[in-house]
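Down below is the structure, laid out as structure tokens.
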Amino acid sequence: MEELQREIAAEAEFTDRLSFDPATVTQSTESLTSTDSTQSTLTSAENPAPTANQESPIIAGVDQAFVDDTAISAIVALRDGDIIERTHAVTELSVPYIPGLLSFREGEAIVEAFATLDCEPDLACFDGSGRIHYRQAGLATHMGVVFDIPAIGIAKSLLCGEPWESVENRPEGWRTPIEATGRVDCPAGTIIGYAYQSRQYESGSRHINPLYVSPGHRVSAETTVDLVAALGGGYKLPEPTRLADSYADEVKSDR
DNA sequence: GCGACAG
DNA sequence: ATCTTGTCGC
């Protein structure tokens, strides 16, 4: 499995090769109902010329839920903030959870779910790491390479690598690079992702931990964090991920 | 041997 | 990930 991950990492592209301009991504649905006034703005100057494409990109959120030894993979596809398709698949789990080998446990269900998806996402958001992985082949990278679509990983905790600064109690919108340490299969110091404070309480003794985002495939670390910031939604997790998360729970409940 | 460790 | 009520704070 580890060797396969090295091969996948070799095929992965950690530079932008998207079918759309990341700078045009915004959370249009939220802008009408959101109560906060902070809106993330992307500077188009730092983004490379996008491949020709007039339509708004289709962004898919992917997340799994579990019941005993079965996995439910749910996909919610959005365009301009509107849900255009939802689908899911249920498979039997054969691999236990082992840090570093998550894609082998959840990958099968995800592949099945994608097989039933009619639209073709311009970007897929996975729950877990991408390049922030010992062999630079986390779930988002593995799936991104398998489908050859731009993919990003969004994790709630850090698998490996080291933040440039302390992530303690940071303000909303804050970000800091995650660099590779000796445990990662790439030159030490390589920026493999970012810690991103997607949400934070304005004051008080309670705080929210940041998200750890990383490139999966065909996206750079910088664009990955810019995209997560743009996908917003007003909650800790970006909207596509939240919708996929609740849809997976919904499917789970209906059984 | 000991510690670290996505979901 | 999952098992789950109340509870603290905005």
Side-chain angles (χ1 to χ4, degrees), chain A residues 1-2 5 8-9 12 34-38 61-75 88 90-111 113 124-144 151-163 167 169 171-172 178 180-185 192-196 199-217 221 224 228 234-238 241-242 244-253 255:
Chain A
M1 295 178 147
E2 286 82 353
Q5 294 187 319
I8 286 167
S34 180
T35 53
D36 72 285
S37 57
T38 55
V62 186
D63 190 33
Q64 287 65 245
F66 306 85
V67 178
D68 298 322
D69 259 28
T70 68
I72 298 165
S73 179
I75 303 177
H88 68 90
V90 179
T91 64
E92 291 295 307
L93 289 168
S94 53
V95 181
Y97 167 65
I98 299 171
L101 300 178
L102 184 65
S103 61
F104 294 102
R105 175 177 170 77
E106 307 190 349
E108 197 181 309
I110 296 173
V111 168
C125 306
F126 293 93
D127 63 314
S129 295
R131 196 183 188 183
I132 293 181
H133 180 276
Y134 311 120
R135 293 164 291 281
Q136 305 186 89
L139 180 68
T141 302
H142 198 139
M143 295 299 105
I152 62 176
I154 300 163
K156 293 180 286 296
S157 57
L158 191 60
L159 175 63
C160 60
E162 193 170 276
V167 301
N169 191 22
E172 204 162 293
I178 300 296
T181 58
R183 302 162 61 190
V184 184
D185 253 6
I192 54 178
Y194 277 84
Y196 174 65
R199 197 184 171 190
Q200 189 54 280
Y201 295 135
E202 296 198 8
S203 65
S205 54
R206 296 187 60 174
H207 3 107
I208 298 172
N209 294 127
L211 289 175
Y212 295 93
V213 306
S214 57
H217 182 46
T224 294
V228 172
Y235 295 89
K236 178 169 179 172
L237 293 172
T241 300
R242 283 190 61 245
D245 189 79
S246 58
Y247 178 44
D249 283 336
E250 185 184 315
V251 172
K252 189 169 94 171
S253 300
R255 331 188 79 230

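Order of the sequence lines sets the chain letters (A, B, ...), proteins ahead of strands, with each chain counted from 1. Computed from heavy atoms alone, side chains included, the values below leave out hydrogens, waters and symmetry copies.
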Can you measure [X] atom [atom1] to [N] atom [atom2] for me and round it to whole angstrom units?
X	N	atom1	atom2	value
A:Asp127	B:dA6	CG	P	13 Å
A:Tyr212	B:dG7	OH	C1'	16 Å
A:Asn169	C:dG9	CG	P	15 Å
A:Ile132	B:dA4	CD1	P	19 Å
A:Asp68	C:dA1	CG	C1'	13 Å
A:His207	C:dC10	NE2	P	11 Å
A:Lys236	B:dA6	NZ	P	14 Å
A:Arg105	B:dG7	CZ	P	13 Å

Task: Backbone N/O of A:Leu237 and side chain of A:Thr241: donor-acceptor pair under 3.5 Å - done: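 No, the answer is negative, given that no donor and acceptor are paired below the 3.5 Å cut-off.
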Open item on the list: Given 3.5 Å as the limit, does a donor-acceptor pair link the side chain of A:Ser214 with the main chain of A:Gly193, or not?
Closed with: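 Flag not set: sc A:Ser214 to bb A:Gly193 has no pair under 3.5 Å.
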Short side-chain N/O contact from [X] to OP1 or OP2 of [N], under 4.0 Å:
X	N	result
A:Ser157	B:dG7	yes
A:Lys252	C:dA1	no
A:Tyr97	B:dA6	yes
A:Lys156	B:dG7	yes

Listed nucleotide nearest any side-chain atom of [X], set [options]:
X	options	value
A:Glu106	C:dT2, B:dA6, B:dG7	B:dG7
A:Asp63	B:dG7, C:dT2, B:dC5	B:dG7
A:Asp249	B:dC5, B:dA6, C:dT2	C:dT2

Open item on the list: With nearest nucleotide decided by heavy atoms, which residue, A:Phe66 or A:Glu202, maps closer to the 5′ end of DNA chain C?
Closed with: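 Its nearest nucleotide lies further toward 5', so the answer is A:Phe66.
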Task: Residue closer to the 5' end of DNA chain C, A:Tyr201 versus A:Asp245 (nearest nucleotide) - done: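 Mapping each residue to its closest nucleotide by heavy atoms, the 5'-most match is A:Asp245.
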Open item on the list: Mind checking if A:Leu211 touches a base, just sugar-phosphate, or nothing, with heavy atoms under 4.0 Å?
Closed with: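 Answer is nothing: A:Leu211 stays at 4.0 Å or more from every strand.
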Open item on the list: Using a 4.0 Å heavy-atom cut-off, does A:Gly153 contact any base of the nucleic acid, only the sugar-phosphate backbone, or nothing at all?
Closed with: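 Result for A:Gly153 = nothing.
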Open item on the list: With a 3.5 Å cut-off and heavy atoms only, can you find an N or O donor on one side and an acceptor on the other between the side chain of A:Arg206 and the base of C:dC10?
Closed with: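 Result: no qualifying N/O pair found.
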Open item on the list: Under a 3.5 Å cutoff, is there a donor and acceptor pairing between the side chains of A:Gln64 and A:Ser73?
Closed with: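 Note: A:Gln64 and A:Ser73 side chains meet the donor-acceptor criterion.
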Task: Aromatic centroids of A:His88 and A:Tyr247 separated by under 6.0 Å - done: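 So the answer is yes for these two rings.
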Going by atom type alone, with no hydrogens or angles, which donor-acceptor pairs under 3.5 Å involve a side-chain atom of residues 90-105 of chain A and a protein atom two or more places apart or on another chain?
unit_1   : atom_1 : unit_2   : atom_2 : d
A:Ser103 : OG     : A:His142 : ND1    : 2.9
A:Arg105 : NH1    : A:Val95  : O      : 2.7

